[in-house]
Amino acid sequence: MADRKQSPEEVLAALAEEDSEADSLVDSASDDEDLLQPERRSHHDDSPSESDEEYETQPSSSSPGSESPKDTQSKGKGNASSNPMKRVRRSPRGGSPALRWRSREEKDRGPEPRRFMPARVPGPALDPSAAWSPLSLFRLFFSPSVVQRLVDNTNANALKRSQAGKKYVWKELTVRDFYIFLAITILSALVHVAHRSDYWLKKGLYDFPFAAENMSQERFEAILWSLHMSDPEGDEENERKSNTAEYDRLFKIKPLYTDIIAACKAHFQPYQNLSIDEKMVAFKAMEPHMRDQPIKWGYKLLVLADSSTAYTWNFSVCTGESESTTGRGLSYSSVMDLLPLPLLGQGYTLFVDNLHTSPALFKHLSTKNIGCCGIIGRNQIGFPQTELNELPKKAERGDLRWIRRGELLFVKWMDSWEVCMCSTVHEAFSGQTLRRKVKRAGEWQIKTVPVPDAVVDYRQSMRGEDVSDVNYSAHHKTKKWYKTFFYHFLEISVVNSFLLHEELLKVSSDPGRTKPHTLKSFRERLAADMLEFAEGCAAPSLLKCMPMFYGEDGTQSRRYCRRCHDAGYKRVKTPVYCSKCLVPLCLTAKKNCYMEWHLNTRIQDA
């Protein structure tokens, strides 16, 4: 076939075809432009939008057996074929053969704005006309029932540990003592010392009357030693389930953990922008049940926060378990678990870090009317792998490329290094700029560089999660991992209380009547209010035995009856306990273990 003589018409058609193809494959003289091909619709494209078009070279109209001189020359170089369809550059990493990156000069058609339909009015779910003190806001999170449960569980744990061998002389913990303990703990976030015992020193530069005048060091250490968030008897039952599917790794923090999350959701409705980021709770001691925690020196929390206020609305503790609740991977599941859509509503925009950005996740949330934006890795599944017209290796600051696939926008932007973004709420570039330092002729100069819209909004929405980290943190060294979480839950409650204080002043009918607190002055006022409240708490009489209920209404907490347990009935629970003996005992119309146990105790003592 190669020796067959071509007709003049065939030669002219082949030359015209090759001339048009050569024009489309010529590299530009600028390093900022690469291989701009004619705009033609590709059959690989799933999106009807003009900005998502892909391109390919059409087959030649010449006869199947003919070859032009340019075809032969290109074939000899090994970079082309007689079939023009094969002349399209393909990504070596498996990208679409026709997909290419677009420059900022090419206009993108962004998605339609989403209708914001929150489940409640955004902002504090509180009466702005009421007088909210720092303590009253804090008690929204550490409510009376929460404090009472902490007091009861700490007393029960102290009794258990005292029976095993006393380390501290124990006197029953009361609500009054607990608030003094909290006040000193919050104070320690404002005044840092080398050792906790320095708060009670009376010599030299160390003289802190706030701690020493309200509680002795021995009493503070005793409370900290016995501090417990869960029922000790429930701990033993949970430990017996170790290495089984029923074992709960977070059982020791679960009561306070769930209470704080419920309070965070109940008292505030987020504004339109949300952010999810990771936060580390530092802890060095080894906990065998959490040994596969991803962070070497601590535990990892995933936090859902309101972007405009940094209010923590939801969070989860990462245990290192490999189970996925959605079957699509842990990153996908962890984000979906933090988004109770019926409580949130629709129309929100979610910003996530690079560990949780996923095109599949973004598509799914888009069907729920939730927009997303986040940093994405170049090797992430779903990220375009084409190299056509991508950023040059020595791109200048501000250079960008973008690709749109339906609602999904992928952007590459050169800052100090290459930044890749994925979004379902932005257009590629609308003309925004920012100031950056660049080095020219050995001198640093300020230069205004273009920036994608997704980068601008991401920077603004992801910088507010760590209010507690960058200011004050109440944290004492401890060998118990669950006590570390107690300090973190306390910190979330204090910071959220402060943020509610700020938001309430904004919507108050008379914002000038109350001087707004700074985070420092808010903590100072909160600690002082706790001491005043503690002085007003009447300590219950412990001179004689009296039946009392766990919790506020006798239904929030039930424990195993001591007398029934001793008699061999180990599964009988009761909400009643003795205020002096701290022993749970049945007390009903048909069964009075309370009376029987005390009669037997008196007979034994006699």
Do the side chains of [Y] and [X] get nearer than 4.5 Å, heavy atoms only?
| X | Y | answer |
| --- | --- | --- |
| Cys545 | Cys581 | yes |
| Leu500 | Leu140 | yes |
| Leu361 | Met336 | yes |
| Gln272 | Pro118 | no |
| Tyr594 | Cys586 | no |
| Glu218 | Val169 | no |
| Thr588 | Asn592 | no |
| Lys483 | Met229 | no |

What distance do [X] atom [atom1] and [Y] atom [atom2] have between them, rounded to the nearest 0.5 Å?
| X | Y | atom1 | atom2 | answer |
| --- | --- | --- | --- | --- |
| Ile375 | His356 | CD1 | NE2 | 13.5 Å |
| Phe141 | Asp259 | CZ | CG | 12.5 Å |
| Arg139 | Ser493 | CZ | OG | 13.5 Å |
| Met548 | Leu587 | CE | CG | 13.0 Å |
| Arg562 | Cys578 | CZ | SG | 11.0 Å |

Donor-acceptor pair, side chain of [X] and main chain of [Y], under 3.5 angstrom:
| X | Y | value |
| --- | --- | --- |
| Arg525 | His517 | no |
| Tyr569 | Cys561 | no |
| Asn157 | Ser226 | yes |
| Ser188 | Thr185 | yes |
| Asn214 | Phe210 | yes |
| Arg559 | Pro584 | no |
| Thr244 | Lys241 | yes |
| Arg219 | Lys171 | yes |
| Thr574 | Leu585 | yes |
| Trp313 | Gln269 | no |

Is the closest side-chain donor-acceptor distance between [X] and [Y] under 3.5 Å?
| X | Y | result |
| --- | --- | --- |
| Thr518 | Ser521 | yes |
| Ser308 | Asp306 | yes |
| His195 | Asp198 | no |
| Asp235 | Ser230 | yes |
| Glu503 | Tyr311 | no |

What residues form a ring-ring contact (aromatic ring centres under 6.0 Å, His included) with [X], not counting sequence neighbours?
| X | value |
| --- | --- |
| Phe533 | Tyr179 |
| Phe142 | Phe138 |
| Phe522 | Phe498, His501 |
| Trp200 | Phe220 |

What residues, two or more places apart in sequence or in another chain, satisfy salt bridge (Lys or Arg N to Asp or Glu O under 4.0 Å) together with [X]?
| X | value |
| --- | --- |
| Glu596 | none |
| Asp152 | none |
| Asp248 | Lys254 |

Looking only at non-hydrogen atoms, find the nearest pair between [X] and [Y] and report the distance.
| X | Y | answer |
| --- | --- | --- |
| Asn314 | Leu338 | ND2-O, 3.3 Å |
| Arg176 | Ala534 | CG-O, 3.1 Å |
| Met530 | Ala183 | SD-N, 3.7 Å |
| Leu350 | Ile370 | CB-CG2, 4.4 Å |
| Cys593 | Cys564 | SG-SG, 3.7 Å |
| Asn238 | Tyr247 | O-CD1, 3.1 Å |

Member of Tyr482, Phe315, Phe485 meeting the ring-ring contact (aromatic ring centres under 6.0 Å, His included) criterion with Tyr257
Phe315
Considering residues at least two apart in sequence or located in another chain, which fulfil the side chain to side chain donor-acceptor pair (under 3.5 Å) criterion with [X]?
| X | answer |
| --- | --- |
| Asp457 | His426 |
| Asn155 | none |
| Glu236 | Lys160 |
| His267 | none |

Qualifying ring-ring contact (aromatic ring centres under 6.0 Å, His included) pairs, either residue in residues 333-352, two or more places apart
Phe116-Tyr348
With the threshold set at 4.0 Å, does a side-chain nitrogen-carboxylate oxygen contact exist between Arg571 and Glu237?
yes
Evaluate Arg196 against Gln217 for side-chain contact (heavy atoms from CB on, under 4.5 Å), listing each step before the verdict.
CA-CA 9 Å; Arg196 189 164 57 238; Gln217 180 184 354; over 6 Å; no
If you apply the rule side-chain contact (heavy atoms from CB on, under 4.5 Å), what do you find for Val572 with Arg558, and how did you get there?
CA-CA 9 Å; Val572 180; Arg558 299 170 65 86; over 6 Å; no
side-chain contact (heavy atoms from CB on, under 4.5 Å) evaluation trace for Ile260 with Val146:
CA-CA 9 Å; Ile260 297 300; Val146 171; 5.6 Å; no
Mind running side-chain hydrogen bond (donor to acceptor under 3.5 Å, both in side chains) on Ser275 and Asp277 for me, showing each step along the way?
CA-CA 7 Å; Ser275 63; Asp277 202 359; over 6 Å; no
Checking Leu126 against Leu504 for the side-chain contact (heavy atoms from CB on, under 4.5 Å) test, could you report, in this order, the C-alpha distance in whole Å, the side-chain angles of both residues, the deciding distance, and whether it holds?
CA-CA 8 Å; Leu126 305 171; Leu504 285 170; 4.0 Å; yes
